[in-house]
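Each chain gets a letter, A, B and so on, in the order its sequence line appears, and its residues count up from 1.
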Amino acid sequence: MLPVIIFIYFALAMTTLSILVITRRNPIHSVLFMLALFFHVAALYLFLNAEFLAAVQVILYAGAILVLFLFVITMLNLKAEIFTDPFIGEWPVSLAIGSSLLLLIFFTLRDFLPGPVGTYTIEMIQRETNTKILGRVLYTEYLFPFEIASLILLIAIVGAMVLAKKKS
Amino acid sequence: MDISSFYGFLGTDTTDFILRMIIMVAKIAVVIVIALLHVAYSTWFERKIIGHMQIRLGPMRVGYHGLLQPFADFVKLFFKEDIIPSSGDRPVFQLAPMIALFATISSLAVIPFFNDFVIAKNMNVGLLYLFAMSSLSAYGIILAGWSSNSKYAFLGGLRSSAQVISYEIALALSLVGIMVLSGSLNLVEIIEAQQKHWYGMYVVVQFPAYILFLICAFAETNRTPFDLPEAESELVAGYFVEYSGMRFSLFFMAEYIAMIIMSCIAVTCFWGGWTLPPVVMKALPFLAVVPGLVWFLLKVYCHLFLFYWVRATVPRFRYDHLMSLGWKVLIPLALANIVITSIVKFLF
(Lines give C-alpha, C1' and ligand atoms only; values in the text may rest on other atoms or scores of the structure.)
Protein backbone atom coordinates (compact mmCIF):
# COMPACT_ATOMS: atom_id res chain seq x y z
CA MET A 1 0.00 0.00 0.00
CA LEU A 2 2.72 2.44 1.04
CA PRO A 3 4.65 2.20 -2.25
CA VAL A 4 1.45 2.89 -4.17
CA ILE A 5 0.70 5.97 -2.04
CA ILE A 6 4.23 7.25 -2.58
CA PHE A 7 3.98 6.63 -6.31
CA ILE A 8 0.62 8.43 -6.51
CA TYR A 9 2.12 11.39 -4.66
CA PHE A 10 5.03 11.61 -7.09
CA ALA A 11 2.81 11.23 -10.14
CA LEU A 12 0.41 13.95 -8.98
CA ALA A 13 3.17 16.28 -7.81
CA MET A 14 5.08 15.94 -11.07
CA THR A 15 2.01 16.66 -13.17
CA THR A 16 1.07 19.67 -11.06
CA LEU A 17 4.60 21.04 -11.10
CA SER A 18 4.88 20.62 -14.87
CA ILE A 19 1.65 22.56 -15.35
CA LEU A 20 2.88 25.26 -12.98
CA VAL A 21 6.14 25.54 -14.95
CA ILE A 22 4.35 26.44 -18.18
CA THR A 23 1.62 28.65 -16.70
CA ARG A 24 3.71 31.05 -14.55
CA ARG A 25 4.21 34.50 -16.02
CA ASN A 26 7.43 35.13 -14.13
CA PRO A 27 10.19 32.96 -15.67
CA ILE A 28 12.07 32.81 -12.33
CA HIS A 29 9.06 31.16 -10.70
CA SER A 30 8.88 28.72 -13.63
CA VAL A 31 12.52 27.80 -13.07
CA LEU A 32 11.87 27.22 -9.38
CA PHE A 33 8.95 24.91 -10.11
CA MET A 34 11.15 23.11 -12.63
CA LEU A 35 13.76 22.67 -9.90
CA ALA A 36 11.15 20.99 -7.69
CA LEU A 37 10.10 18.86 -10.66
CA PHE A 38 13.68 17.67 -11.22
CA PHE A 39 13.88 16.61 -7.59
CA HIS A 40 10.74 14.53 -7.97
CA VAL A 41 12.15 12.91 -11.12
CA ALA A 42 15.34 12.11 -9.21
CA ALA A 43 13.27 10.51 -6.44
CA LEU A 44 11.49 8.35 -9.02
CA TYR A 45 14.89 7.15 -10.28
CA LEU A 46 15.76 6.24 -6.69
CA PHE A 47 12.65 4.07 -6.48
CA LEU A 48 13.84 2.26 -9.61
CA ASN A 49 17.19 1.40 -7.93
CA ALA A 50 18.93 3.83 -10.26
CA GLU A 51 20.74 5.93 -7.66
CA PHE A 52 23.46 6.95 -10.12
CA LEU A 53 20.90 8.39 -12.53
CA ALA A 54 19.17 10.17 -9.64
CA ALA A 55 22.42 11.82 -8.54
CA VAL A 56 23.35 12.76 -12.09
CA GLN A 57 19.84 14.15 -12.63
CA VAL A 58 20.31 16.55 -9.72
CA ILE A 59 23.96 17.41 -10.48
CA LEU A 60 23.50 18.05 -14.21
CA TYR A 61 19.92 19.22 -14.62
CA ALA A 62 19.30 20.99 -11.32
CA GLY A 63 22.88 21.94 -10.49
CA ALA A 64 24.22 22.98 -13.88
CA ILE A 65 21.66 23.42 -16.66
CA LEU A 66 18.94 25.06 -14.58
CA VAL A 67 21.46 27.36 -12.88
CA LEU A 68 22.51 28.52 -16.36
CA PHE A 69 18.83 29.09 -17.23
CA LEU A 70 18.49 31.16 -14.08
CA PHE A 71 21.70 32.98 -14.94
CA VAL A 72 20.31 34.04 -18.32
CA ILE A 73 16.78 34.77 -17.08
CA THR A 74 17.98 37.13 -14.35
CA MET A 75 19.55 39.24 -17.13
CA LEU A 76 16.17 39.69 -18.88
CA ASN A 77 13.93 42.66 -18.29
CA LEU A 78 11.37 40.78 -16.24
CA LYS A 79 9.27 43.88 -15.53
CA ALA A 80 8.11 43.84 -19.17
CA GLU A 81 8.05 40.05 -19.40
CA ILE A 82 5.46 39.71 -16.62
CA PHE A 83 2.85 41.70 -18.58
CA THR A 84 3.13 39.70 -21.80
CA ASP A 85 0.84 36.73 -22.40
CA PRO A 86 2.66 33.51 -21.43
CA PHE A 87 0.95 31.60 -24.27
CA ILE A 88 1.17 32.15 -28.02
CA GLY A 89 -2.07 32.60 -29.97
CA GLU A 90 -2.23 29.04 -31.29
CA TRP A 91 -2.31 27.37 -27.89
CA PRO A 92 -5.72 25.62 -28.45
CA VAL A 93 -4.21 23.72 -31.41
CA SER A 94 -1.25 22.58 -29.30
CA LEU A 95 -3.61 21.58 -26.51
CA ALA A 96 -5.70 19.48 -28.94
CA ILE A 97 -2.61 17.71 -30.34
CA GLY A 98 -1.22 17.16 -26.88
CA SER A 99 -4.40 15.70 -25.42
CA SER A 100 -4.96 13.40 -28.41
CA LEU A 101 -1.41 12.13 -27.96
CA LEU A 102 -2.15 11.50 -24.29
CA LEU A 103 -5.32 9.58 -25.24
CA LEU A 104 -3.31 7.50 -27.72
CA ILE A 105 -0.82 6.61 -24.98
CA PHE A 106 -3.67 5.65 -22.64
CA PHE A 107 -5.14 3.25 -25.21
CA THR A 108 -1.80 1.65 -26.06
CA LEU A 109 -0.90 1.24 -22.36
CA ARG A 110 -3.61 -1.42 -22.04
CA ASP A 111 -1.73 -3.62 -24.50
CA PHE A 112 1.59 -3.09 -22.76
CA LEU A 113 3.54 -6.33 -22.26
CA PRO A 114 6.66 -6.39 -20.07
CA GLY A 115 9.66 -7.70 -22.00
CA PRO A 116 11.49 -10.91 -21.06
CA VAL A 117 13.78 -10.66 -18.02
CA GLY A 118 17.38 -10.17 -19.15
CA THR A 119 20.73 -10.44 -17.37
CA TYR A 120 20.23 -7.26 -15.42
CA THR A 121 17.58 -8.20 -12.90
CA ILE A 122 16.62 -6.01 -9.95
CA GLU A 123 18.42 -8.36 -7.56
CA MET A 124 21.63 -8.16 -9.59
CA ILE A 125 21.49 -4.37 -9.77
CA GLN A 126 20.91 -4.14 -6.01
CA ARG A 127 23.85 -6.46 -5.36
CA GLU A 128 26.30 -4.91 -7.82
CA THR A 129 25.10 -1.28 -7.45
CA ASN A 130 23.67 0.68 -10.30
CA THR A 131 26.83 2.78 -10.84
CA LYS A 132 29.04 -0.25 -11.47
CA ILE A 133 26.59 -1.94 -13.83
CA LEU A 134 25.94 1.24 -15.78
CA GLY A 135 29.67 1.81 -16.19
CA ARG A 136 30.28 -1.75 -17.30
CA VAL A 137 27.45 -1.70 -19.85
CA LEU A 138 28.45 1.69 -21.22
CA TYR A 139 32.10 0.70 -21.66
CA THR A 140 31.53 -2.78 -23.13
CA GLU A 141 28.23 -3.37 -24.91
CA TYR A 142 27.48 0.24 -25.81
CA LEU A 143 31.04 1.54 -26.18
CA PHE A 144 30.60 2.70 -29.77
CA PRO A 145 27.36 4.70 -29.24
CA PHE A 146 28.87 6.09 -26.03
CA GLU A 147 31.99 7.29 -27.87
CA ILE A 148 29.85 8.81 -30.62
CA ALA A 149 27.80 10.69 -28.03
CA SER A 150 30.95 12.04 -26.39
CA LEU A 151 32.32 13.07 -29.79
CA ILE A 152 29.10 14.99 -30.52
CA LEU A 153 29.40 16.76 -27.17
CA LEU A 154 33.04 17.60 -27.90
CA ILE A 155 32.02 19.11 -31.24
CA ALA A 156 29.39 21.18 -29.44
CA ILE A 157 32.01 22.46 -26.95
CA VAL A 158 34.44 23.38 -29.75
CA GLY A 159 31.59 25.00 -31.69
CA ALA A 160 30.59 27.11 -28.69
CA MET A 161 34.20 28.25 -28.27
CA VAL A 162 34.52 29.15 -31.96
CA LEU A 163 31.29 31.16 -31.82
CA ALA A 164 32.33 32.96 -28.65
CA LYS A 165 35.80 33.80 -29.97
CA LYS A 166 34.57 35.19 -33.33
CA LYS A 167 35.30 38.87 -33.70
CA SER A 168 32.43 40.90 -35.14
CA MET B 1 3.92 -6.17 -13.05
CA ASP B 2 4.41 -6.06 -9.30
CA ILE B 3 5.37 -2.53 -8.43
CA SER B 4 6.24 -3.33 -4.82
CA SER B 5 9.42 -5.12 -5.85
CA PHE B 6 10.91 -1.73 -6.70
CA TYR B 7 10.18 -0.50 -3.23
CA GLY B 8 11.78 -3.39 -1.34
CA PHE B 9 13.91 -1.10 0.80
CA LEU B 10 10.85 0.60 2.31
CA GLY B 11 10.31 -2.48 4.47
CA THR B 12 7.80 -5.27 4.39
CA ASP B 13 5.02 -3.78 6.48
CA THR B 14 3.87 -0.40 7.64
CA THR B 15 4.84 -0.65 11.34
CA ASP B 16 8.38 -1.57 10.38
CA PHE B 17 8.46 1.42 8.08
CA ILE B 18 7.12 3.77 10.76
CA LEU B 19 9.63 2.50 13.32
CA ARG B 20 12.47 3.07 10.90
CA MET B 21 11.18 6.55 10.16
CA ILE B 22 11.15 7.42 13.89
CA ILE B 23 14.75 6.25 14.34
CA MET B 24 15.75 8.19 11.24
CA VAL B 25 14.09 11.40 12.45
CA ALA B 26 15.77 11.07 15.87
CA LYS B 27 19.17 10.63 14.21
CA ILE B 28 18.58 13.64 11.95
CA ALA B 29 17.56 15.79 14.94
CA VAL B 30 20.71 14.84 16.89
CA VAL B 31 23.00 15.54 13.93
CA ILE B 32 21.36 18.88 13.09
CA VAL B 33 21.46 20.12 16.70
CA ILE B 34 25.14 19.19 17.01
CA ALA B 35 25.90 20.77 13.63
CA LEU B 36 24.18 24.03 14.64
CA LEU B 37 26.10 24.12 17.92
CA HIS B 38 29.25 23.67 15.87
CA VAL B 39 28.21 26.57 13.68
CA ALA B 40 27.68 28.75 16.76
CA TYR B 41 31.08 27.93 18.19
CA SER B 42 32.93 28.01 14.89
CA THR B 43 31.96 31.69 14.64
CA TRP B 44 33.44 32.23 18.12
CA PHE B 45 36.51 30.16 17.18
CA GLU B 46 36.95 32.22 14.00
CA ARG B 47 36.72 35.57 15.77
CA LYS B 48 39.13 34.45 18.48
CA ILE B 49 41.67 33.06 16.00
CA ILE B 50 41.57 36.04 13.68
CA GLY B 51 41.69 38.33 16.70
CA HIS B 52 44.82 36.71 18.08
CA MET B 53 46.44 36.60 14.63
CA GLN B 54 45.92 40.37 14.40
CA ILE B 55 47.15 40.86 18.01
CA ARG B 56 43.65 41.59 19.36
CA LEU B 57 41.71 39.57 21.89
CA GLY B 58 38.49 38.97 19.96
CA PRO B 59 35.17 38.69 21.87
CA MET B 60 35.80 39.01 25.63
CA ARG B 61 32.69 40.53 27.21
CA VAL B 62 29.94 37.89 27.14
CA GLY B 63 30.91 35.04 29.42
CA TYR B 64 34.46 33.79 30.13
CA HIS B 65 36.63 34.90 27.18
CA GLY B 66 33.44 35.57 25.21
CA LEU B 67 32.25 31.97 25.36
CA LEU B 68 28.59 33.01 25.37
CA GLN B 69 29.05 35.42 22.46
CA PRO B 70 27.38 33.09 19.88
CA PHE B 71 24.20 32.99 21.98
CA ALA B 72 24.18 36.76 22.41
CA ASP B 73 24.52 37.07 18.63
CA PHE B 74 21.72 34.59 18.10
CA VAL B 75 19.34 36.46 20.44
CA LYS B 76 20.15 39.72 18.68
CA LEU B 77 19.55 38.28 15.19
CA PHE B 78 16.42 36.42 16.26
CA PHE B 79 14.68 39.53 17.60
CA LYS B 80 15.83 41.87 14.85
CA GLU B 81 13.14 43.15 12.50
CA ASP B 82 12.84 41.16 9.28
CA ILE B 83 12.84 43.71 6.46
CA ILE B 84 11.74 42.71 2.95
CA PRO B 85 12.42 45.18 0.11
CA SER B 86 9.09 46.46 -1.23
CA SER B 87 10.21 46.33 -4.87
CA GLY B 88 11.72 42.86 -4.57
CA ASP B 89 10.11 39.53 -5.30
CA ARG B 90 8.60 38.66 -1.92
CA PRO B 91 8.16 34.85 -2.12
CA VAL B 92 11.54 34.26 -3.77
CA PHE B 93 13.20 36.62 -1.27
CA GLN B 94 11.79 34.57 1.58
CA LEU B 95 12.60 31.24 -0.06
CA ALA B 96 16.25 31.93 -0.99
CA PRO B 97 17.83 31.61 2.48
CA MET B 98 15.86 28.44 3.11
CA ILE B 99 17.17 26.90 -0.13
CA ALA B 100 20.70 27.89 0.84
CA LEU B 101 20.41 26.29 4.27
CA PHE B 102 18.57 23.21 3.01
CA ALA B 103 21.18 22.53 0.32
CA THR B 104 24.05 22.55 2.80
CA ILE B 105 22.38 20.95 5.82
CA SER B 106 21.09 17.97 3.81
CA SER B 107 24.70 17.08 2.93
CA LEU B 108 25.12 15.97 6.55
CA ALA B 109 22.99 12.92 5.71
CA VAL B 110 25.80 10.95 4.08
CA ILE B 111 28.80 11.95 6.21
CA PRO B 112 30.06 9.03 8.34
CA PHE B 113 30.91 10.61 11.70
CA PHE B 114 32.20 7.52 13.52
CA ASN B 115 32.07 3.73 13.25
CA ASP B 116 29.24 3.56 10.70
CA PHE B 117 27.16 6.32 12.25
CA VAL B 118 25.57 7.71 9.08
CA ILE B 119 22.02 8.99 8.68
CA ALA B 120 21.61 7.51 5.20
CA LYS B 121 23.30 4.13 5.44
CA ASN B 122 24.30 2.22 2.31
CA MET B 123 24.11 5.34 0.19
CA ASN B 124 25.95 3.98 -2.83
CA VAL B 125 26.38 7.36 -4.43
CA GLY B 126 27.38 9.30 -1.30
CA LEU B 127 30.02 11.41 -3.03
CA LEU B 128 27.75 12.23 -5.98
CA TYR B 129 25.04 13.21 -3.51
CA LEU B 130 27.46 15.64 -1.87
CA PHE B 131 28.29 17.18 -5.26
CA ALA B 132 24.58 17.47 -6.04
CA MET B 133 23.84 19.26 -2.81
CA SER B 134 26.82 21.59 -3.06
CA SER B 135 25.77 22.52 -6.60
CA LEU B 136 22.33 23.48 -5.27
CA SER B 137 23.81 26.06 -2.93
CA ALA B 138 24.20 28.33 -5.98
CA TYR B 139 20.39 28.67 -6.09
CA GLY B 140 20.11 30.30 -2.67
CA ILE B 141 22.73 32.87 -3.59
CA ILE B 142 21.57 33.68 -7.13
CA LEU B 143 17.89 33.91 -6.05
CA ALA B 144 18.76 36.09 -3.07
CA GLY B 145 20.72 38.38 -5.36
CA TRP B 146 17.95 38.63 -7.91
CA SER B 147 14.95 38.95 -5.60
CA SER B 148 16.50 41.76 -3.54
CA ASN B 149 16.17 44.06 -6.57
CA SER B 150 19.46 45.76 -5.73
CA LYS B 151 22.54 46.26 -7.91
CA TYR B 152 25.04 45.09 -5.33
CA ALA B 153 23.07 42.02 -4.36
CA PHE B 154 22.53 41.11 -8.02
CA LEU B 155 26.20 41.49 -8.92
CA GLY B 156 27.13 39.37 -5.92
CA GLY B 157 24.64 36.70 -6.99
CA LEU B 158 25.95 36.64 -10.57
CA ARG B 159 29.58 36.42 -9.46
CA SER B 160 28.77 33.65 -7.08
CA SER B 161 26.81 31.51 -9.53
CA ALA B 162 29.62 31.71 -12.10
CA GLN B 163 32.20 30.94 -9.42
CA VAL B 164 30.33 28.01 -7.91
CA ILE B 165 29.61 26.41 -11.31
CA SER B 166 33.26 26.71 -12.42
CA TYR B 167 34.84 25.44 -9.23
CA GLU B 168 32.34 22.62 -8.81
CA ILE B 169 33.87 20.92 -11.86
CA ALA B 170 37.40 21.02 -10.47
CA LEU B 171 36.08 19.98 -7.04
CA ALA B 172 34.37 16.90 -8.44
CA LEU B 173 37.35 16.03 -10.67
CA SER B 174 39.80 16.31 -7.78
CA LEU B 175 37.89 13.57 -5.96
CA VAL B 176 37.81 11.19 -8.96
CA GLY B 177 41.28 9.95 -7.96
CA ILE B 178 39.80 8.86 -4.62
CA MET B 179 36.96 7.08 -6.43
CA VAL B 180 39.45 5.26 -8.66
CA LEU B 181 41.61 4.17 -5.73
CA SER B 182 38.80 3.05 -3.45
CA GLY B 183 36.53 1.73 -6.22
CA SER B 184 33.47 3.12 -4.51
CA LEU B 185 31.30 6.22 -4.16
CA ASN B 186 30.12 5.18 -0.71
CA LEU B 187 31.87 7.25 1.94
CA VAL B 188 32.00 4.41 4.48
CA GLU B 189 33.58 2.13 1.88
CA ILE B 190 36.08 4.86 1.00
CA ILE B 191 37.21 4.94 4.65
CA GLU B 192 37.39 1.14 4.77
CA ALA B 193 39.45 1.10 1.56
CA GLN B 194 41.95 3.51 3.13
CA GLN B 195 42.35 1.18 6.13
CA LYS B 196 43.65 -1.56 3.82
CA HIS B 197 46.89 0.36 3.27
CA TRP B 198 49.60 0.78 5.90
CA TYR B 199 49.42 4.59 5.62
CA GLY B 200 45.63 4.58 6.06
CA MET B 201 45.12 8.00 4.49
CA TYR B 202 44.75 8.83 0.81
CA VAL B 203 46.38 12.21 1.40
CA VAL B 204 49.71 10.34 1.22
CA VAL B 205 49.15 9.09 -2.33
CA GLN B 206 46.76 11.82 -3.51
CA PHE B 207 48.50 14.90 -2.15
CA PRO B 208 48.10 17.03 -5.33
CA ALA B 209 44.39 16.14 -5.43
CA TYR B 210 44.10 17.17 -1.77
CA ILE B 211 45.57 20.61 -2.49
CA LEU B 212 43.24 20.98 -5.51
CA PHE B 213 40.30 19.95 -3.36
CA LEU B 214 41.16 22.48 -0.66
CA ILE B 215 41.44 25.34 -3.17
CA CYS B 216 38.08 24.40 -4.73
CA ALA B 217 36.51 24.02 -1.29
CA PHE B 218 37.48 27.59 -0.43
CA ALA B 219 35.89 28.77 -3.68
CA GLU B 220 32.75 26.66 -3.25
CA THR B 221 32.10 28.02 0.22
CA ASN B 222 32.83 31.63 -0.85
CA ARG B 223 35.59 32.04 1.72
CA THR B 224 38.62 34.32 1.49
CA PRO B 225 40.62 34.47 -0.84
CA PHE B 226 37.63 33.67 -3.09
CA ASP B 227 34.92 35.64 -1.25
CA LEU B 228 34.13 37.81 -4.29
CA PRO B 229 30.34 37.32 -4.01
CA GLU B 230 30.43 39.24 -0.76
CA ALA B 231 33.43 41.49 -1.32
CA GLU B 232 32.72 44.23 1.23
CA SER B 233 34.86 46.86 -0.43
CA GLU B 234 33.21 46.48 -3.85
CA LEU B 235 29.69 45.14 -3.30
CA VAL B 236 28.90 46.37 0.25
CA ALA B 237 28.16 42.77 1.31
CA GLY B 238 27.18 41.03 -1.90
CA TYR B 239 24.11 38.90 -2.31
CA PHE B 240 22.72 39.34 1.22
CA VAL B 241 22.86 43.15 1.48
CA GLU B 242 19.09 43.42 1.78
CA TYR B 243 18.70 40.64 4.33
CA SER B 244 18.50 41.25 8.05
CA GLY B 245 17.66 39.41 11.22
CA MET B 246 16.88 35.71 11.05
CA ARG B 247 17.00 35.46 7.25
CA PHE B 248 20.52 36.86 7.21
CA SER B 249 21.53 34.38 9.88
CA LEU B 250 20.22 31.51 7.72
CA PHE B 251 22.74 32.49 5.03
CA PHE B 252 25.38 32.78 7.70
CA MET B 253 24.60 29.30 9.02
CA ALA B 254 24.57 27.91 5.47
CA GLU B 255 28.08 29.27 4.87
CA TYR B 256 29.47 27.83 8.08
CA ILE B 257 27.78 24.46 7.62
CA ALA B 258 29.17 24.37 4.07
CA MET B 259 32.62 24.94 5.55
CA ILE B 260 32.10 22.12 8.05
CA ILE B 261 30.81 19.84 5.25
CA MET B 262 33.85 20.59 3.07
CA SER B 263 36.11 19.81 6.04
CA CYS B 264 34.17 16.58 6.59
CA ILE B 265 34.62 15.57 2.92
CA ALA B 266 38.34 16.31 3.12
CA VAL B 267 38.64 14.28 6.33
CA THR B 268 36.61 11.35 4.95
CA CYS B 269 38.25 11.16 1.53
CA PHE B 270 41.83 12.13 2.34
CA TRP B 271 42.44 11.69 6.08
CA GLY B 272 40.74 8.37 6.75
CA GLY B 273 37.64 9.69 8.55
CA TRP B 274 37.25 8.41 12.08
CA THR B 275 40.17 5.94 11.74
CA LEU B 276 43.88 6.27 12.44
CA PRO B 277 46.46 4.80 10.04
CA PRO B 278 47.19 1.10 10.78
CA VAL B 279 50.89 1.98 11.24
CA VAL B 280 50.08 4.34 14.10
CA MET B 281 47.64 1.86 15.64
CA LYS B 282 50.33 -0.85 15.57
CA ALA B 283 52.94 1.42 17.13
CA LEU B 284 50.61 2.87 19.79
CA PRO B 285 47.90 0.26 20.47
CA PHE B 286 46.50 2.11 23.51
CA LEU B 287 45.03 4.72 21.11
CA ALA B 288 42.24 2.24 20.33
CA VAL B 289 40.58 3.34 23.59
CA VAL B 290 39.84 6.78 22.14
CA PRO B 291 36.47 6.78 20.33
CA GLY B 292 36.57 7.38 16.58
CA LEU B 293 34.47 10.52 16.86
CA VAL B 294 37.33 12.28 18.66
CA TRP B 295 39.73 11.71 15.76
CA PHE B 296 37.07 12.72 13.25
CA LEU B 297 36.29 15.98 15.06
CA LEU B 298 39.97 16.78 15.64
CA LYS B 299 40.64 16.40 11.92
CA VAL B 300 37.59 18.55 11.08
CA TYR B 301 38.69 21.26 13.55
CA CYS B 302 42.14 21.35 11.96
CA HIS B 303 40.52 22.01 8.58
CA LEU B 304 38.27 24.71 10.06
CA PHE B 305 41.36 26.32 11.56
CA LEU B 306 42.90 26.28 8.09
CA PHE B 307 39.88 28.15 6.70
CA TYR B 308 40.33 30.88 9.36
CA TRP B 309 44.11 30.95 9.03
CA VAL B 310 43.83 31.56 5.29
CA ARG B 311 41.21 34.23 5.86
CA ALA B 312 43.54 36.12 8.20
CA THR B 313 46.53 35.74 5.87
CA VAL B 314 45.64 35.98 2.17
CA PRO B 315 44.11 38.97 0.33
CA ARG B 316 41.14 38.60 -2.02
CA PHE B 317 41.59 37.46 -5.65
CA ARG B 318 40.60 39.57 -8.63
CA TYR B 319 37.62 38.12 -10.47
CA ASP B 320 39.35 37.38 -13.81
CA HIS B 321 42.25 35.77 -11.91
CA LEU B 322 39.75 33.59 -10.08
CA MET B 323 38.15 32.41 -13.32
CA SER B 324 41.41 31.75 -15.14
CA LEU B 325 42.77 29.88 -12.10
CA GLY B 326 39.70 27.66 -12.02
CA TRP B 327 39.45 26.86 -15.72
CA LYS B 328 43.05 27.01 -16.92
CA VAL B 329 44.95 25.62 -13.94
CA LEU B 330 42.79 23.61 -11.57
CA ILE B 331 40.69 21.66 -14.10
CA PRO B 332 43.69 20.54 -16.27
CA LEU B 333 45.62 19.57 -13.12
CA ALA B 334 42.65 17.58 -11.81
CA LEU B 335 42.32 15.80 -15.17
CA ALA B 336 46.06 15.00 -15.18
CA ASN B 337 45.67 13.61 -11.66
CA ILE B 338 42.88 11.29 -12.86
CA VAL B 339 44.98 9.99 -15.76
CA ILE B 340 48.07 9.41 -13.60
CA THR B 341 46.08 7.77 -10.79
CA SER B 342 44.32 5.44 -13.24
CA ILE B 343 47.59 4.42 -14.91
CA VAL B 344 49.28 3.77 -11.55
CA LYS B 345 46.29 1.80 -10.30
CA PHE B 346 46.24 -0.25 -13.52
CA LEU B 347 49.97 -1.03 -13.32
CA PHE B 348 50.14 -1.97 -9.63
Task: Intermediate values then yes/no, side chain to side chain contact (heavy atoms under 4.5 Å, CB included), B:Ser182 and B:Ile191 - done: CA-CA 8 Å; B:Ser182 64; B:Ile191 291 176; over 6 Å; no

Task: Audit row: A:Phe47, A:Phe7, side chain to side chain contact (heavy atoms under 4.5 Å, CB included) steps and yes/no - done: CA-CA 9 Å; A:Phe47 283 121; A:Phe7 181 78; over 6 Å; no

- [ ] Given side chain to side chain contact (heavy atoms under 4.5 Å, CB included), test B:Asn222 with B:Ile141 step by step and report yes or no.
- [x] CA-CA 11 Å; B:Asn222 297 326; B:Ile141 293 168; 3.3 Å; yes

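With a 4.5 angstrom heavy-atom cutoff, B:Leu136 touches chain A only via side-chain atoms. With a threshold of 4.5 angstrom between heavy atoms, B:Leu158 approaches chain A through its backbone and through its side chain. Neither the backbone nor the side chain of B:Ile169 comes within contact range of chain A; no heavy atoms are under 4.5 Å apart. For chain B, the nearby part of A:Phe39 is the side chain; its heavy atoms alone come within less than 4.5 Å. Heavy-atom distances place both the backbone and the side chain of A:Leu66 under 4.5 Å from chain B.
Of all the listed residues (A:Leu70, A:Val58, A:Thr131), the one sharing the greatest number of non-hydrogen pairs under 4.5 Å with chain B is A:Leu70.
Checked against the 6.0 Å centroid threshold, B:Phe93 and B:Tyr243 count as a close aromatic pair.
Side chains of B:Ile265 and B:Phe213 form a contact here, defined as non-hydrogen atoms less than 4.5 Å apart.
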